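Notes to accompany the following structure.
Note that the structure is predicted; figures quoted are calculated from it, not measured. We name chains A, B, ... by the order of the sequence lines, and we start the count at 1 in each one.
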2 protein chains.
Amino acid sequence: MAKLGIKDIAAISGVSPATVSRTLRNPDIVSEETRKKVMKAVEEGGYTPSRFGANLRTQKSGNIIVVMPDITNQVNAGIIRAIESEAQKAGYSILLGDTQGLAEREKHYANMAQSGQADGVLLFTFHMPFNLNKALPVLKQLPPIVNSCESIPIEGISKVMIDNIAGARTAVEHLLSLGHKRIAAVMGPRDTPSTLERLKGYETALATARIEIDEQLIIRGDYGLDSGIGAMEQLLKLRLRPTAVFCFSDDMAIGAMSVLQENGFRIPQDISIMGFDDIRYARLMTPALTTIHQPLEEIGKACIELLLEQLDGKSEQARYVELPFQLMVRQSTGPAPL
Amino acid sequence: MAKLGIKDIAAISGVSPATVSRTLRNPDIVSEETRKKVMKAVEEGGYTPSRFGANLRTQKSGNIIVVMPDITNQVNAGIIRAIESEAQKAGYSILLGDTQGLAEREKHYANMAQSGQADGVLLFTFHMPFNLNKALPVLKQLPPIVNSCESIPIEGISKVMIDNIAGARTAVEHLLSLGHKRIAAVMGPRDTPSTLERLKGYETALATARIEIDEQLIIRGDYGLDSGIGAMEQLLKLRLRPTAVFCFSDDMAIGAMSVLQENGFRIPQDISIMGFDDIRYARLMTPALTTIHQPLEEIGKACIELLLEQLDGKSEQARYVELPFQLMVRQSTGPAPL
DNA sequence: CGCAAAATTGAAAACGTTTACAGTCAACCA
DNA sequence: TGGTTGACTGTAAACGTTTTCAATTTTGCG
């Protein structure tokens, strides 16, 4: 039996296609009698409305595209999971856009949004459709956007963020309170807003404590495990080693820890390590990793919420949501050695 | 300026819509002159073909849906990343289906496939559209499917797998070779094929070594970190403790290790630990985790390849691809204590 | 040069819905 | 009773492409 269309169901149940459509989308406005007839035909025929027709007519895809630099990353994965779950409740599907940091892929996803493949965009990456110079004019052509994690410096787009500056400052202050004076920073990828913000928090905390910044103690990383390894190796070569290392991501902290332990350093007795994110592995490290907790699920939920507001046309205005971070003191940080 | 359609472009460039469509989809069949005219209009007008129209006409969505139990899991994340990347090259987009183990969500994704929202399905979860009893008849109505990770016991669907039985056997044999006799197993979620297979490998290895199975040493987990913790706690309460623990996932192994270290056990001197998967954190644990490596990227690539074959109509027949696992001996396993 | 074949184009018909609009019919009210 | 309302339903027009088929032009070749 060929696949049934709405006309077939209409014919079977003796009503018009319009009524079938109404029965399915808006049951309340058809009479009970009709509804029953139609539903019977629908079920017996195993009819599932084709989305192609509906999409074309309504000009909506029912999809939301999530653009991320790396879905393998625990932070991103955690967020997207919450997003997917909430989106589904609202009747939307999630299209995955993993840029792998490639500009060409960012273009690709921008196109997808433009061709109507998605009704809205969740943007977790910095570059992207936005060539900052010509961003604003383009912006209005694009579907609704919510930006998170990496703050895009454009007015008028909704954002969900944590206060990276304060988060980093809190981290460093924790180390300072333990008596550390030589505190290294392992940064994220060059020029991303999150890294710049966390760096600022680091600098602010040190400045407030009247400790001079030592450029040698600031290492560039990329948030990944391996860059944590590289950074730590570099730091260990220093004549004057840091007594504490603040990594801008847990992954890098985990990488750093493994280098230390391999080389016989004790954590935190010899060197304290801090991370940022509080991924689920953090508390299971030995020693458990002190870090700044990011509320991944809340971030995901907030993103969807803001986007849905725009999609439903409820809110024209951009909103900014700031979620709280939390210092998680565990065993990887301790008093500075004498 | 309102959004341009194919008719507008046709009008501007003085050709028919048909020719515009041809220029974009199939440049070779239009004359160079026409092509130039059309391209000019397309670029100046900033025209992006609407996918709605095309989808309806071609009855293809250009989407592939990936159904997974948990995208937060490193194994799944790694696989899906490869999938996304390959799919994009072939012009497909990835719809994310995270079931979170919920039956209702599995239904939902089955529907999506049926309503034409996706042209193909990549299935990494066990239950699903397939109520085994009535699975076969339904199967032919569904779009092309490739099954991976959790083997669905149905003939005629393409699969990408590793040999879980052999993998587990290899793991246990490694432990046996180190002199261990009391080897515990921490299983994955009840009744999933992968768990059952690995269990079989475990049992086979022990049987071959003429070691009797001790039910007390077989603990049920769910592949997650916490269940590794729980399992290890349970094992530590045993009167006769195991000297080695084979966890069916790295996550559980990591959980188990943290329990041991917290309680002052030395790994591997007191107890050896093995995992399965070789997630990227495995080698950074202290001690580095001995485990069975799964080729995530290759799995992802193979899945897409098989699916594309079906989508392109190249191959009607189901194919089965088996990818090699690899034993990674690291520091978490050592000779059995005396 | 003339004809067949090939290359290129256009006209028009789908594809499967949703929804504005108009129509029908029963119920209700004055 | 007649008119008005309200509830429900049907008609038909989109939505924006792709593709078949036929028409036209160009090319190739004897």
Task: Validation row: B/I79, B/C149 side chains within 4.5 angstrom (heavy atoms) - done: yes

Task: Candidates C/dT9, D/dT17, C/dC15 - which lies nearest the side chain of B/T34 - done: C/dT9

- [ ] Measure from the side-chain heavy atoms of B/V30 and tell me the nearest of C/dT18, C/dT9, D/dT19.
- [x] C/dT9

TODO: May I ask you to say what A/R22 touches in the nucleic acid, namely base, sugar-phosphate or nothing, with a heavy-atom cut-off under 4.0 Å?
DONE: base

Task: Nearest-nucleotide 5' precedence on DNA chain C, B/T19 against B/G53 - done: B/T19

Open item on the list: Between P on C/dT8 and NZ on B/K36, what's the gap in Å once rounded to a whole number?
Closed with: 14 Å

- [ ] Take atom NZ of A/K3 and atom P of C/dA14, then tell me their distance rounded to the nearest Å.
- [x] 20 Å

Open item on the list: Just so I know, are the side chains of B/L24 and B/Y47 near enough to count as touching, which here means a heavy-atom distance under 4.5 Å?
Closed with: yes

TODO: Record whether the side chain of B/R57 comes under 3.5 Å of the base of D/dT17 through a donor-acceptor pair of N or O atoms.
DONE: no

- [ ] Check the distance between D/dC15's P and A/K60's NZ and give it to me in whole angstrom.
- [x] 15 Å

Open item on the list: Tell me the interatomic distance from A/F52, atom CZ, to D/dA14, atom P, rounded to whole angstroms.
Closed with: 24 Å

Open item on the list: Whether A/Y47 contacts C/dG16 is assessed here as follows: a side-chain N or O lying under 4.0 Å from the phosphate OP1 or OP2. Is that the case?
Closed with: no

Open item on the list: Can you confirm whether B/Q100 sits close enough to A/Q88 that some side-chain heavy atom of one is under 4.5 Å from a side-chain heavy atom of the other?
Closed with: no

- [ ] To the nearest Å, give me how far apart CG (B/L56) and C1' (C/dT18) are.
- [x] 13 Å

Open item on the list: Rounded to whole Å, how long is the line connecting atom CG of A/N26 with atom C1' of D/dA7?
Closed with: 14 Å

Open item on the list: I need the CG-P distance between B/D8 and D/dC15, as an integer number of Å.
Closed with: 11 Å

Open item on the list: Any base atoms under 4.0 Å from A/S31, or only sugar-phosphate, or nothing? Heavy atoms, all strands.
Closed with: sugar-phosphate

Task: Residue pair B/I6 / B/D8, side-chain heavy-atom distance below 4.5 Å - done: no

Open item on the list: Counting the atoms with a prime plus P, OP1 and OP2 as sugar-phosphate, which does A/A18 contact under 4.0 Å by heavy atoms, base, sugar-phosphate, or nothing?
Closed with: base

Task: Under 4.0 angstrom between B/S50 side-chain N/O and D/dG16 OP1 or OP2 - done: no

Open item on the list: What I want to check is whether the side chains of B/S61 and B/D119 have a donor and an acceptor closer together than 3.5 Å.
Closed with: yes

- [ ] May I ask you to verify if any side-chain N or O of A/Q59 is less than 4.0 angstrom from the OP1 or OP2 atom of D/dG16?
- [x] yes

Open item on the list: Just N and O in the side chain of B/R25: are any of them under 4.0 Å from OP1 or OP2 of D/dT18?
Closed with: yes

Task: Rounded distance in Å - CD (B/E32) to P (C/dA7) - done: 16 Å

